[in-house]
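One structure is given below, encoded as structure tokens.
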Amino acid sequence: MSEVMTWAEIEAGFDGQWVLIEDPETTGAQEIINGKVIFHSQERQEVYSKLFELRPHHPAILYVGEAMRDKAFAL
């Protein structure tokens, strides 16, 4: 996973997951245009652990998909 992907490619490939992106290109509003996905997981903590393990120079961590709901309050 060392190739630069567009945000559309990231959304299509990692729906429902947290992604760790190295060297993201962003708009003036800090929206991701593209970047290298260096790790991904459905578990947020795994991505943060990998962040501290890899220590990329310029990282971003994002959840790809619809906003998550707190399962403790699901009816």
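- Nearest heavy-atom pair across His57 and Asp23 is ND1-OD1, 4.5 Å.
- The shortest non-hydrogen separation linking Pro24 to His58 is CD-O, 3.2 Å.
- Without hydrogens or angle criteria, Glu9 side chain to Thr6 main chain gives a donor-acceptor distance under 3.5 Å.
- Inter-residue side-chain proximity for Thr27 and Ile33 is flagged as met; some heavy-atom pair is nearer than 4.5 Å.
- The shortest distance between side-chain heavy atoms of Pro59 and Leu20 falls below 4.5 Å.
- The closest side-chain heavy-atom distance from Glu25 to Asn34 is below 4.5 Å.
- Under the 4.5 Å side-chain criterion, counting only non-hydrogen atoms from C-beta, Ser49 is not in contact with Glu53.
- The side-chain heavy atoms of Leu54 and Ile38, taken from C-beta on, include a pair separated by under 4.5 Å.
- A 4.5 Å side-chain heavy-atom check between Ile61 and Tyr48 finds at least one atom pair inside the cut-off.
- Residues Leu62 and Phe14 are not in side-chain contact: their nearest non-hydrogen atoms beyond the backbone lie 4.5 Å or more apart.
- Contact of the Val47 side chain with the Phe39 side chain is registered, since non-hydrogen atoms from C-beta on lie closer than 4.5 Å.
- Gln17 pairs with exactly one of Glu46, Arg44, His40 by the side-chain hydrogen bond (donor to acceptor under 3.5 Å, both in side chains) rule, that one being His40.
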side-chain contact (heavy atoms from CB on, under 4.5 Å) for Val37 and Met5? Distances and angles first, verdict last. CA-CA 7 Å; Val37 175; Met5 300 173 75; 4.1 Å; yes
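- Following chains of ILVMFWY side-chain contacts shorter than 4.5 Å, one can reach Tyr63 starting from Leu51, so the two form part of one hydrophobic cluster.
- Minimum heavy-atom separation, Trp7 to Ile32: CB-O, 3.4 Å.
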